Engineer: 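Once you've had a glance at the structure underneath, I'll fire off some questions.
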Amino acid sequence: MQRTAAVGAICLAAAALCSCPSNREAPRELNLFAWSEYVPQRVIDGFSRETGIKVHYESYASNEEMLAKLVSGAQRYDLIQPSEYTVEALIKDHRLAPIDWAKVPNAKNIDPKYRNLPHDPQQTYTVPWMVGTVGIVVNSEKVPDDIQRYTDVFQDKYKGRIVALNDAREIVSWALAEIGKGPNEVSADNLAKIRPILQQWLPLVKVYDSDSPKTALLNGDVVLGVVWSGEAARLYNEDPKFRYVLPAEGAHQFVDSLAIPANAPNPDASLAFMDYILRPEVSRLISDDFPYTNPNIEARKLLSPDQLKNPASYPPGDPKLSTFTDIGESAVQIDKLVTDLKARS
Ligand code: N2P
């Protein structure tokens with residue numbers, strides 16, 4: 001577009017307000033696509049205040065939902081927040097951009113225990129956000145029984161009083177544990193074996209909720225369930241009658257990370273956000289609002305003894321935990337199985 005001298009002069013005088021292409025700065029924005037109930041608004045606001053970068057936060061409630069939108073290409077994102085098995089799949093598919101670590105000096109604060117994990121062995125693509133588990137939460141005032149296993153939860157007597165995550169991969173892992181299989185042993189044979197178990201379990205569930213499963217427990221709609229550990233930790237803070245139990249058969253330990261999609265429009269903003277959330281005093285705010293296990297070793301030092309003693313955030317003892325791996329096409333079978341059984345229940 002041709003500019004007149006007069007317009008040019010006005011642009012020079014009022015560069016900040018001018019919409020002329022040559023005088024406008026590149027848009028300073030960050031498109032963040034992350035789990036719901038996971039990113040404190042005050043962290044987003046603090047980042048924007050300091051950097052001038054406007055954050056658009058869109059949320060999702062499962063890795064599969066995020067993947068579907070990412071792959072559809074309808075919207076381009078600067079940062080996503082996949083769990084370990086989804087990081088693995090995205091790397092295989094060349095969908096992530098390597099991190100320029102020179103721009104993320106606060107990476108030094110990441111606990112070595114959460115670096116170079118199997119889903120990103122060279123720590124090329126990810127910054128761990130939070131680590132957590134999926135376990136049983138029990139309102140011990142309403143449920144006097146000693147609940148230790150998934151089969152203790154999914155009993156006929158609790159029909160209509162159970163909340164469960166709305167997540168096919170998680171649900172299937174509970175039934176696999178019941179037949180002595182690990183969460184990644186997703187063969188056609190094993191899926192056939194767990195079908196009758198899920199057929200019995202799923203009709204007992206009253207609420208499926210991956211966004212805020214604590215809500216149904218808090219308002220008394222249900223009395224027990226299988227939920228994310230951070231949700232259980234918030235319930236426990238609310239009232240210690242909400243007990244968190246890691247199932248004796250074994251439970252999922254997830255590692256959720258920030259990663260930059262290969263086609264991110266503003267990768268510098270992504271790196272700035274990664275570095276910002278790795279500051280101990282910022283990371284601590286994430287723990288305050290969403291009390292999962294914080295993988296930032298310096299932030300942990302800022303947490304109160306009560307926070308560190310919350311049994312859902314920092315499980316005591318040596319529970320049997322495993323991470324998920326990418327199961328490729330079998331994910332479709334899992335989804336089909338759970339969708340089909342839910343429709344019949
Ligand atoms: C936060 C969800 C926890 C992430 N609402 C599970 N990977």
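Atoms within each ligand, like the ligands themselves, are counted from 1 in listed order. The first residue of the sequence shown is numbered 1, and numbering continues consecutively from there. Because the structure is a prediction, the values reported are computed rather than measured.
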Engineer: Donor-acceptor pair, distance only, cut-off 3.5 Å: does the side chain of T51 make one with the backbone of F47?
Structural biologist: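 Flag set: sc T51 to bb F47 pair under 3.5 Å.
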Engineer: Just which atoms of ligand 1 are under 4.0 Å from any heavy atom in S36?
Structural biologist: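 That gives atoms 1 (C), 5 (N) of ligand 1.
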Engineer: Dump the intermediate steps for ring pair (Phe, Tyr, Trp, His ring centres under 6.0 Å) on Y292 and W228, then the final yes or no.
Structural biologist: CA-CA 9 Å; Y292 289 85; W228 313 121; 7.8 Å; no
Engineer: I'd like to check the ring pair (Phe, Tyr, Trp, His ring centres under 6.0 Å) partners of Y77; sequence neighbours left out, ordered by chain and number.
Structural biologist: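 Listed in chain order: F33.
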Engineer: Using a strict 4.0 Å cut-off to heavy atoms of E37, name the atoms of ligand 1 that fall inside it.
Structural biologist: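 Answer for ligand 1: 1 (C), 5 (N).
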Engineer: So, does D78 use its side chain to make a donor-acceptor pair with the main chain of N31 at under 3.5 Å?
Structural biologist: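 Checking the backbone N and O of N31 against the side chain of D78, a donor-acceptor pair under 3.5 Å is found.
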Engineer: I'd like to check which ligand 1 atoms, numbered from 1 as shown, lie under 4.0 Å from a non-hydrogen atom of S83.
Structural biologist: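 Listed by number with element: 7 (N).
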Engineer: Give the residue and atom name of whichever protein heavy atom lies nearest to atom 3 (C) of ligand 1, and the separation in Å to one decimal.
Structural biologist: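 Ranked first by proximity to atom 3 (C) of ligand 1 is Y292 OH, 3.5 Å.
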Engineer: Which protein non-hydrogen atom lies closest to atom 4 (C) of ligand 1, naming both residue and atom, and how far is it?
Structural biologist: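 Checking every protein heavy atom, the shortest distance to atom 4 (C) of ligand 1 gives D256 OD2, 3.1 Å.
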Engineer: Taking the six-membered ring for Trp, are the ring centroids of H252 and F324 within less than 6.0 Å of each other?
Structural biologist: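 Yes, the ring of H252 comes within the 6.0 Å limit of the ring of F324, centre to centre.
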Engineer: Could you tell me whether A61 approaches ligand 1 through its side chain, its backbone, both or neither, with non-hydrogen atoms closer than 4.0 Å?
Structural biologist: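 A61 to ligand 1: no contact under 4.0 Å from either part.
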Engineer: By side chain to side chain donor-acceptor pair (under 3.5 Å), which residues pair with S48, not counting sequence neighbours?
Structural biologist: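 S48 satisfies side chain to side chain donor-acceptor pair (under 3.5 Å) with no other residue.
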Engineer: Ligand 1 versus F290, non-hydrogen atoms closer than 4.0 Å: side chain, backbone, both, neither?
Structural biologist: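 Looking at F290 and ligand 1, no heavy atom falls under 4.0 Å.
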